[in-house]
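Comments concern the structure below.
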Amino acid sequence: MKTIYITGGTMGVGKTTVCRLLNERLKNSVLLDGDWCWYASPFQVTEETKGMVLNNICHLLNNFIGCSAYENIVFCWVMHEQSIIDSIIRRIDTKDCKVKKISLVCDEASLKERLERDVRKGIRTKDVIEKSIARLPLYQELETVRIDTSHMLPEDIVKKMIET
C-alpha cells in the first residue's frame, strides 16, 4: 500500500524544508511541491490559472501513484481551505493508498520571525508577512492532523509526520 502525504501550511511555516527531508527519509519516495506547477512570470491568479494548476497537480500525483517505483508520495502546497484538499483528493486515485492529511502550523511570532528573515535574504517580499499571518487561523478549521512547528527541528517534525 502506498502512502500519500498531503501537507499544507501557510507560507513560512516550513513545508518545503520538512517535505524535502521527509522525501529523503522515506523509502522509494517522490516529492511534488505544488508551487512548482505555478512558476510563471508574471504570476497571475485567475480562475483559468487556478484550474490549470490543480489539473497539473492531480495529473502528476496520479502518475506518481500509478508508478510502481514509488511507495511514498509527498505533496506540499499552501492549502488553507478544506475545498482545496478535498478537490485534490477527489481527483486522485487513492483506492490502494493511505492518505495522511497534515497541516503544518506555528505561532504568529515564529512565523513573523521566519518570514522577516526570508525578506532580509530576498527570498520573499514583505507583503507575504501579513497574508501568511492572516491565514494561520484557517488551518484550525481543516480536517487534518496539525503539527505545530514553532519550536521543533525539521527532523522531529518529519518523525511526527511518519508516526501520524
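Since this is a predicted model, take the numbers as computed values, not measurements.
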Legend entry - Stepwise side-chain hydrogen bond (donor to acceptor under 3.5 Å, both in side chains) test for R114 and S150: CA-CA 10 Å; R114 293 174 189 180; S150 300; 5.5 Å; no

Inset, instruction - Evaluate the side chain to side chain contact (heavy atoms under 4.5 Å, CB included) criterion for residues S29 and E71: first the C-alpha distance (whole Å), next the side-chain angles of each, then the deciding distance (0.1 Å), finally the verdict. - result: CA-CA 6 Å; S29 178; E71 295 174 33; over 6 Å; no

Inset, instruction - Any chance you could lay out the side chain to side chain contact (heavy atoms under 4.5 Å, CB included) test for M1 and D96, step after step, and finish with the verdict? - result: CA-CA 6 Å; M1 176 172 287; D96 294 319; 5.6 Å; no

Inset, instruction - Could you walk me through whether S83 and D86 pass the side-chain hydrogen bond (donor to acceptor under 3.5 Å, both in side chains) test, one step at a time? - result: CA-CA 5 Å; S83 62; D86 293 344; over 6 Å; no

Legend entry - Pair F75-Y5, side chain to side chain contact (heavy atoms under 4.5 Å, CB included): steps then yes or no: CA-CA 6 Å; F75 170 63; Y5 293 82; over 6 Å; no

Legend entry - Intermediate values then yes/no, side-chain hydrogen bond (donor to acceptor under 3.5 Å, both in side chains), H59 and N63: CA-CA 6 Å; H59 180 78; N63 281 345; 3.2 Å; yes

Legend entry - Residues V30, N72; criterion side chain to side chain contact (heavy atoms under 4.5 Å, CB included); working and verdict: CA-CA 6 Å; V30 62; N72 295 286; over 6 Å; no

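The shortest side-chain heavy-atom distance between W36 and W77 does not fall under the 4.5 Å cut-off. Looking only at side-chain heavy atoms (C-beta outward), K101 and I89 come within less than 4.5 Å of each other. Proximity of L26 to I162: side-chain heavy atoms (C-beta onward) are separated by under 4.5 Å at one or more points. Counting heavy atoms from C-beta on, the side chains of I102 and I6 never come closer than 4.5 Å. Side-chain atoms of T17 and L21, non-hydrogen and from C-beta on, never get closer than 4.5 Å to each other. At least one side-chain heavy atom of L136 sits under 4.5 Å from a side-chain heavy atom of L111. Side-chain contact between T7 and V18 is absent, with no heavy atoms from C-beta onward closer than 4.5 Å.
Distance check, rounded to the nearest 0.5 Å: SG of C106 to CD of E113 gives 10.0 Å. Here the straight-line distance linking atom NE2 of H80 with atom CE of M11 works out to 9.0 Å at 0.5 Å rounding. Separation of atoms CG (D118) and CZ (R124) is listed at 4.5 Å; rounding is to 0.5 Å. A distance of 8.5 Å separates CE in M152 from CG in D148, rounded to the nearest 0.5 Å.
For R146, the side-chain hydrogen bond (donor to acceptor under 3.5 Å, both in side chains) criterion is met by Q140, not counting sequence neighbours.
The aromatic rings of F64 and Y70 sit perpendicular to each other, their planes meeting at more than 60°, with 30° as the lower class boundary.
Looking only at distances, a side-chain donor or acceptor of K100 sits under 3.5 Å from a matching main-chain atom of T164. Between the side chain of K15 and the backbone N or O of V78 there is no donor-acceptor pair closer than 3.5 Å. At least one donor-acceptor pair under 3.5 Å links the side chain of Y139 to the backbone N or O of G9. In this structure, Q82 contributes its side chain and E143 its backbone to a donor-acceptor pair below 3.5 Å. A donor-acceptor distance shorter than 3.5 angstrom exists from the side chain of K2 to the backbone of I65, with no hydrogens or angles considered. Listed for the T149 side chain is a donor-acceptor partner under 3.5 Å among the backbone atoms of V13.
Sparse packing is recorded around CD of E108, with 12 or fewer heavy atoms of other residues, nucleotides or ligands lying under 6.0 Å away. Counted within 6.0 Å of CD on E155, heavy atoms from surrounding residues, nucleotides or ligands total more than 12; the atom is thus considered enclosed. In this structure, K112 places its NZ atom where only 12 or fewer heavy-atom neighbours from other residues, nucleotides or ligands lie under 6.0 Å away.
Heavy-atom minimum distance, C58 versus I92: O-CG2, 4.0 Å. The shortest heavy-atom contact between N28 and A69 is CB-O, 3.4 Å. For the residue pair C37 and M52, the shortest heavy atom distance occurs at O-CE, 4.5 Å. For the residue pair I88 and M79, the shortest heavy atom distance occurs at CD1-SD, 4.0 Å. Contact record, S132 with L115: CB-CD1, 3.6 Å, taken as the closest heavy-atom pair.
Ion pair D156/K160 not flagged as a salt bridge, since none of the NZ, NE, NH1 or NH2 atoms sits closer than 4.0 Å to an Asp/Glu carboxylate oxygen.
A continuous path of ILVMFWY side-chain contacts below 4.5 Å connects L60 to W38, so both sit in one hydrophobic cluster. No continuous path of hydrophobic side-chain contacts links L138 to V128 [ILVMFWY only; heavy atoms under 4.5 Å].
Each of L61, N62, L31 was compared with I73 under the side-chain contact (heavy atoms from CB on, under 4.5 Å) criterion, and only L61 meets it.
Sorted by first and then second residue, the side chain to side chain donor-acceptor pair (under 3.5 Å) pairs with a member in residues 43-54 read T46-T49, E47-K50; sequence neighbours excluded.
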